[in-house]
Amino acid sequence: MSVIERIKEKARRDLKRIVLPEGDEPRTVAAAAAVRDGGLARPILLGDAKAVAAAAREQGADIGGIDIVDPANSPKAAEYAAALYELRRAKGVSEEEAARLAADPMYYGIMMVKLGDADGLVSGAVHTTGDMLRPALQIIKTRPGMKVVSSSFLMDCPNKALGDDGLLVYADCVVVPCPTAEELAHIAVAAADTARTLCGVAEPRVALLSFSTKGSAKHALVEKVQQAVEIAHALAPELLLDGEMQLDAALIPEIGASKAKGSPVAGRANVLVFPDLQAGNIGYKITQRIGGAECFAVLQGLAKPCNDLSRGCSVEDIVNTVCITA
Ligand code: ACO
C-alpha cells in the first residue's frame with residue numbers, strides 16, 4: 001500500500017473536522033464533496049453560502065450535508081475577535097484590527113483550529129504560502145519543545161531500493177529560508193517524527209546533507225551542518241542520525257560504506273535534511289520532475305495541524321492534503 005493510501009486508511013478510522021477557508025474556490029468545493037463521499041474527514045467550508053453553492057454548481061458537486069460557515073456573518077466572530085485580540089495585542093493588534101481579521105476566512109479558520117472548533121486546516125489553492133503560513137505561525141505557534149515550524153515532503157519514489165520501500169522524507173522544502181544550526185537540528189528531529197507518526201516508518205534514519213561527507217570539505221556552510229548534527233544528537237540521543245554527508249553517501253550503500261564508514265545512517269537513510277530552503281525546494285522538485293516521484297507536503301512543528309496547498313493544486317491534491325492533516 002502506498003504512503004498516501006496508508007494515510008487515507010488512518011483518516012477513515014477517526015474522522016476529523018478539517019476547515020477549508022477557501023470554501024468558495026471550485027477545486028476546494030469539489031474536494032470537500034470527495035472527502036465526504038470517501039468518508040475521509042468532516043470538511044467545513046468557509047464562505048458566503050451563495051458563493052459556495054455557485055462554485056459547487058460549476059463543479060457539478062453535491063455539497064449536501066457539508067458544514068458551510070460564513071465568517072462575515074458568524075455568531076462566533078465576536079468570540080474569535082476577542083480571542084485574537086488577546087493573543088496579538090502585545091504585537092500591536094488593536095480591537096478593531098482583530099475584528100477585521102476575524103472576519104477574514106483565513107484567520108477565522110485558524111481561530112477555529114486554535115479554539116478547538118476544527119481539528120485542522122487546509123488552505124493555499126488561492127493564498128500564497130506566506131499568506132497561509134503567517135497566521136498559522138502567529139496564532140497556532142510551535143508545539144511545546146519545538147523551536148521552529150518547518151515542513152516535510154513525503155517522496156514516494158519509483159526506485160523501491162531507496163529509503164523505506166521507495167519512501168523518502170525530505171525536510172525542509174517550504175518554510176525556513178536560512179535555518180541556523182539549532183533550527184536545522186529541530187527540523188531534523190521533527191522530520192524523523194513525521195516519518196514515524198505520519199508515514200509509519202518504524203526506524204527513521206536521518207541524514208543531514210551537505211556538499212561534504214564527514215569533513216571531506218572545509219567551509220563555514222559545512223560547519224553549520226556539523227553543528228546541527230551535534231545539537232540534534234543532544235535533542236534526540238536515541239535517534240539514528242548522522243552527517244554531514246553528501247546525497248550519494250546517504251542513499252547508496254557502497255558509497256555510504258566507503259565515504260562514511262561505520263555510520264548508522266549512511267547508505268540507508270530514509271529521512272534527508274537539506275541545509276537550507278534553496279537546496280530543499282530544488283531537491284524535492286528534481287526528485288518529482290526528473291525522478292518521477294509522487295510527493296505530498298506536510299507542515300511540522302505546529303501545535304495543531306494546518307497545511308498548505310500549491311496554487312496549481314488539483315482536486316486530488318486537496319483531498320490528499322485533507323487526509324494528511326486529519
Ligand atoms: N517557525 C515558527 N515561527 C515562525 C517561523 C517559523 N519557521 N517563521 C516566522 N515565525 C513567526 C515569527 O516569530 C512571528 O511571530 P510573532 O508575530 O508572534 O512574533 C510570526 O511568525 C511572523 O513572522 P514574520 O517574520 O513576520 O514572518 P515572515 O515574514 O518571516 O514570514 C514565512 C514567515 C512566511 C514562513 C517566511 O519565512 C517565508 O516566506 N518562507 C518561505 C515560504 C515560501 O515561499 N516557500 C517556498 C514555496 S512553497 C513550495 O514550493 C511548495
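Note that ligands are numbered from 1 as they come in the structure, with each ligand's atoms numbered from 1 the same way.
Residues passing the side chain to side chain contact (heavy atoms under 4.5 Å, CB included) test with Arg311 are Thr128, sequence neighbours excluded. The side chain to side chain contact (heavy atoms under 4.5 Å, CB included) search around Val265 returns Arg205, Ala207, Leu240, Asp242, Met245, Ser263, Ala269, not counting sequence neighbours. Residues satisfying the side chain to side chain contact (heavy atoms under 4.5 Å, CB included) criterion with Glu9, sequence neighbours excluded, are Met1, Arg12, Arg13.
The only option from Arg17, Lys16, Arg42 that meets the side chain to side chain donor-acceptor pair (under 3.5 Å) definition with Asp119 turns out to be Arg17.
Ring centroid separation for the pair Phe274 and Tyr170 comes in under the 6.0 Å cut-off.
Within 4.0 Å of ligand 1, contacts by protein heavy atoms are made from Arg88, Lys91, Thr129, Gly130, Leu133, Arg134, Leu137, Gln138, Lys141, Thr142, Val148, Val149, Val174, Val175, Val176, Pro177, Leu277, Asn281, Tyr284, Lys285.
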side-chain contact (heavy atoms from CB on, under 4.5 Å) between Thr213 and Glu244, worked out: CA-CA 5 Å; Thr213 301; Glu244 88 294 356; 5.5 Å; no

